[in-house]
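Notes follow once the structure below has been shown.
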Amino acid sequence: MVYECEGCHKRWYYDVKKCIFCQGNVMELESSKSTVRGFTRIEIPSPGHTRVPYCDLLLEDEYGNFEIRKSFSDHELGELIEAEPKESKKVAKSRTVGIIGTGTMGSGIAQICAQTGYHVIMIDRHEDIARKALTRIDKALSKTTKEELKQEILGRIKITANLYESEHADLMIEALTEDMELKKEVFRELDNECSVDTIFATNTSSLSLTELSQALKDPGRLVGLHFFNPVPRMKLVEIIRSKHTSDAAVEYAKEVAFELDKTPVITGDAPGFIVNRLLLIFLNEAMDKYADGTSTAEDIDKAVTLGLNHPMGPLALSDLIGLDVCKAILDVLYEGYKDPKYKPCKTLCEMVEKGNLGRKTGEGFYKY
């Protein structure tokens with residue numbers, strides 16, 4: 001990367017915000033040509049073909065920056081080829097996003113929204129809980145963000161206990177616990193407080209959007225935006241369409257997902273949607289395997305991470321999600337599909353009853 005001052009034209013090979021000589025604006029220079037400095041020819045098997053050859057090219061641009069680019073064409077040393085223009089990062093629209101619930105998921109969603117440039121209203125009936133969530137965001141940003149930028153991001157977040165402050169929000173995201181009646185109550189209140197143009201979204205991981213949307217005067221305004229934990233790192237967002245969700249709400253949700261640098265998948269309204277319908281059977285089976293006493297939690301997780309190439313074992317993942325959340329999702333799946341394969345195993349039920357819910361309580365399958 002090369003940066004040049006628009007005023008005095010001084011150049012730097014590292015990111016600077018302002019010119020240190022004249023305080024002018026600094027812009028990144030993009031190259032138009034690159035020179036082939038080396039290449040490696042690679043041949044790999046491919047279904048239906050004996051070999052698929054390609055080259056890894058070592059390229060140097062006109063500013064002395066190096067990159068490696070894959071090419072299926074032959075090139076010679078010293079050859080000039082067109083530089084690939086960098087994709088310009090999509091600038092987020094100026095949106096105001098309200099987030100109801102300031103737990104792990106709510107604070108994670110608030111963080112990425114503020115980082116994207118949205119104005120964020122974090123709403124919790126207990127303002128002290130919202131302040132703790134803001135402290136968590138501050139701590140998370142401190143690990144990856146310079147102080148000046150961190151303060152700019154935090155400055156976009158407002159915490160409040162008052163729902164009426166969501167009056168002018170473009171999007172309201174509910175991220176409360178998996179309790180249908182609680183969610184319905186909140187959406188009834190939001191329906192009275194928000195503009196008729198506000199899009200409503202829920203981060204529910206398993207509950208019926210069609211049923212939840214009945215709490216609204218216009219059920220078409222509600223769409224599912226299911227983020228995954230930890231929100232800043234996980235790329236997927238499930239967009240759930242109920243029987244009533246409007247096309248406009250789905251398109252709006254997709255646009256927001258892309259702006260947040262997430263990859264959206266769209267699914268209809270069925271218990272567990274896509275990921276949790278598949279995942280919770282796997283987690284439940286791992287818990288049952290642990291219960292039979294033939295393997296330790298560590299060995300079960302090690303077998304999955306090394307044997308299946310998963311980044312985290314099922315029991316550690318269950319602790320991260322929260323065992324109460326795992327049970328709640330399985331209960332919804334069992335009730336929705338009436339299939340015994342979704343019934344929470346005895347071990348899970350006992351651990352939830354004891355209050356050993358995983359990381360958030362300090363003990364689950366592991367101690368924290």
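Since this is a predicted model, take the numbers as computed values, not measurements. Just so you know, these numbers use all the heavy atoms, side chains as well, and skip hydrogens, waters and symmetry mates.
The NZ atom of Lys139 lies 13.5 Å from the CD1 atom of Ile137; values are rounded to the nearest 0.5 Å. Rounded to the nearest 0.5 Å, atoms CG (Leu176) and CD1 (Ile100) are 7.0 Å apart. Remark: Arg188 CZ to Gln214 CD distance equals 10.5 Å, nearest 0.5 Å. A distance of 8.5 Å separates CG in Asp301 from OG1 in Thr296, rounded to the nearest 0.5 Å. Distance CD/Glu238 to CG/Asn203: 10.0 Å, rounded to 0.5 Å. With values rounded to the nearest 0.5 angstrom, Ile300 atom CD1 is found 10.5 Å from Met287 atom CE.
Not counting sequence neighbours, the partners of Asn192 by the side-chain hydrogen bond (donor to acceptor under 3.5 Å, both in side chains) test are Lys217. With sequence neighbours left out, the ring-ring contact (aromatic ring centres under 6.0 Å, His included) criterion links Phe273 to no other residue. For the ring-ring contact (aromatic ring centres under 6.0 Å, His included) test, residues two or more places apart in sequence or in another chain that qualify with His310 are Phe282. Remark: His168 engages no residue in a side-chain hydrogen bond (donor to acceptor under 3.5 Å, both in side chains) (not counting sequence neighbours). Listed by chain and number, the residues in a salt bridge (Lys or Arg N to Asp or Glu O under 4.0 Å) with Asp247 are Arg241 (sequence neighbours excluded). Listed by chain and residue number, nothing satisfies the ring-ring contact (aromatic ring centres under 6.0 Å, His included) test with Tyr252 (two or more places apart in sequence, or in another chain). Looking at residues two or more places apart in sequence or on another chain, you find a side-chain hydrogen bond (donor to acceptor under 3.5 Å, both in side chains) between Glu211 and Lys184. Taking the side-chain contact (heavy atoms from CB on, under 4.5 Å) definition, one finds that Ser242 meets it with Leu209, Thr210, Ser213, His244, Thr245, Asp269, sequence neighbours left out. By the side-chain hydrogen bond (donor to acceptor under 3.5 Å, both in side chains) test, Asp292 is found to be paired with Thr294, residues two or more places apart in sequence or in another chain being considered. Under the rule for a ring-ring contact (aromatic ring centres under 6.0 Å, His included), the partners of Phe187 that lie at least two apart in sequence or sit in another chain are Phe200.
Heavy-atom minimum distance, Asp170 versus Arg95: OD2-CA, 3.4 Å. Across every non-hydrogen atom of Ile240 and Gly268, the tightest pair is CG2-O, 3.9 Å. Between Met122 and Ser107, the closest heavy-atom pair is CE-CA, 4.2 Å. Nearest heavy-atom pair, Gln111 versus Leu141, reported as atom, atom and distance to 0.1 Å: NE2-CD2, 3.8 Å. Here the closest non-hydrogen pair linking Val120 and Cys113 is CG2-CB, 3.7 Å. Considering all non-hydrogen atoms of both residues, Lys341 and Asn284 come closest at O-ND2, 4.3 Å.
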Output, in order, the C-alpha distance, side-chain angles, deciding distance and verdict of side-chain contact (heavy atoms from CB on, under 4.5 Å) for Leu163 and Leu190. CA-CA 7 Å; Leu163 274 180; Leu190 287 174; 3.7 Å; yes
Begin from the C-alpha positions of Glu259 and Lys262 and carry the test salt bridge (Lys or Arg N to Asp or Glu O under 4.0 Å) through to its verdict. CA-CA 7 Å; Glu259 288 181 359; Lys262 304 297 183 187; over 6 Å; no
Verdict with reasoning, Asp261 to Lys235, per salt bridge (Lys or Arg N to Asp or Glu O under 4.0 Å): CA-CA 7 Å; Asp261 197 25; Lys235 286 292 186 181; 2.8 Å; yes
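Checked by atom type, the side-chain pair Ser34/Glu60 shows no donor-acceptor distance below 3.5 Å. Defined by atom type and a distance below 3.5 Å, a donor-acceptor pair is present between the side-chain atoms of Thr202 and Glu174. Under 3.5 Å, the side chains of Glu127 and Thr160 contain no donor-acceptor pair of N or O atoms. Checking Glu167 against Ser195 by side-chain atom types alone, no donor-acceptor pair falls below 3.5 Å.
Formation of a donor-acceptor pair under 3.5 Å by the Asn276 side chain with backbone atoms of Ser205 is found in this model.
Val250 and Val265 fall into different hydrophobic clusters, defined by Ile, Leu, Val, Met, Phe, Trp and Tyr side-chain heavy atoms under 4.5 Å apart, directly or through other members. Connection of Leu216 to Val223 is not established within any shared hydrophobic cluster, with ILVMFWY side chains joined at heavy-atom distances below 4.5 Å, either directly or through further cluster members. Under the 4.5 Å side-chain heavy-atom criterion for ILVMFWY residues, a single connected hydrophobic cluster contains both Val352 and Ile329. A single hydrophobic cluster is seen to contain both Leu283 and Tyr334, as judged by linkage of ILVMFWY side chains at heavy-atom distances under 4.5 Å, directly or through other members. Residues Leu330 and Val332 fall into different hydrophobic clusters, defined by Ile, Leu, Val, Met, Phe, Trp and Tyr side chains chained together at heavy-atom separations under 4.5 Å.
Ion pairing between a basic and an acidic side chain is recognised when a charged N comes within 4.0 Å of a carboxylate O; Glu76 and Arg37 show no such pairing. The pair Arg69-Asp56 fails the salt-bridge criterion, with no side-chain N (NZ, NE, NH1 or NH2) lying under 4.0 Å from an Asp/Glu carboxylate O. Taking a cutoff of 4.0 Å between a charged side-chain nitrogen and a carboxylate oxygen, Asp288 and Lys346 do not qualify as a salt bridge.
Using a 4.5 Å heavy-atom threshold, the side chains of Tyr342 and Leu280 count as separate. With contacts defined as side-chain heavy-atom distances shorter than 4.5 Å, the pair Leu57/Leu59 qualifies. Looking only at side-chain heavy atoms (C-beta outward), Asn229 and Met234 stay at 4.5 Å or farther from each other. At a threshold of 4.5 Å between non-hydrogen side-chain atoms, the residues Leu333 and Lys343 do not count as touching. Taking the side chain as every heavy atom from C-beta outward, Glu178 and Asp331 never approach each other to under 4.5 Å. Side-chain atoms of Ile121 and Ile99, non-hydrogen and from C-beta on, never get closer than 4.5 Å to each other. Side chains of Glu353 and Cys349 form no contact here, defined as non-hydrogen atoms less than 4.5 Å apart. The shortest side-chain heavy-atom distance between Ile81 and Lys33 does not fall under the 4.5 Å cut-off.
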Quick one: side chains of residues 315-322, donor-acceptor pairs under 3.5 Å with protein atoms, not counting sequence neighbours, listed by atom name and distance.
from	atom 1	to	atom 2	distance (Å)
Ser318	OG	Pro314	O	2.7
Asp319	OD1	Phe365	N	3.0
Asp319	OD2	Phe365	N	3.1
Asp319	OD2	Tyr366	N	3.1
Asp319	OD2	Tyr368	OH	2.8

Name every donor-acceptor pair, under 3.5 Å, that has one atom in a side chain of residues 149-159 and the other anywhere in the protein, sequence neighbours excluded.
from	atom 1	to	atom 2	distance (Å)
Lys150	NZ	Asp138	OD1	2.8
Lys150	NZ	Ser142	OG	3.0
Lys150	NZ	Glu147	OE1	3.3
Gln151	NE2	Glu147	OE2	2.7
Glu152	OE2	Arg156	NH2	2.8
Arg156	NH1	Ala114	O	2.6
Lys158	NZ	Glu165	OE1	2.5

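Open room surrounds NZ on Lys354; 12 or fewer heavy atoms of other groups in view lie less than 6.0 Å from it. Crowding of Tyr164 atom OH: a count of heavy atoms from other residues, nucleotides or ligands under 6.0 Å not exceeding 12.
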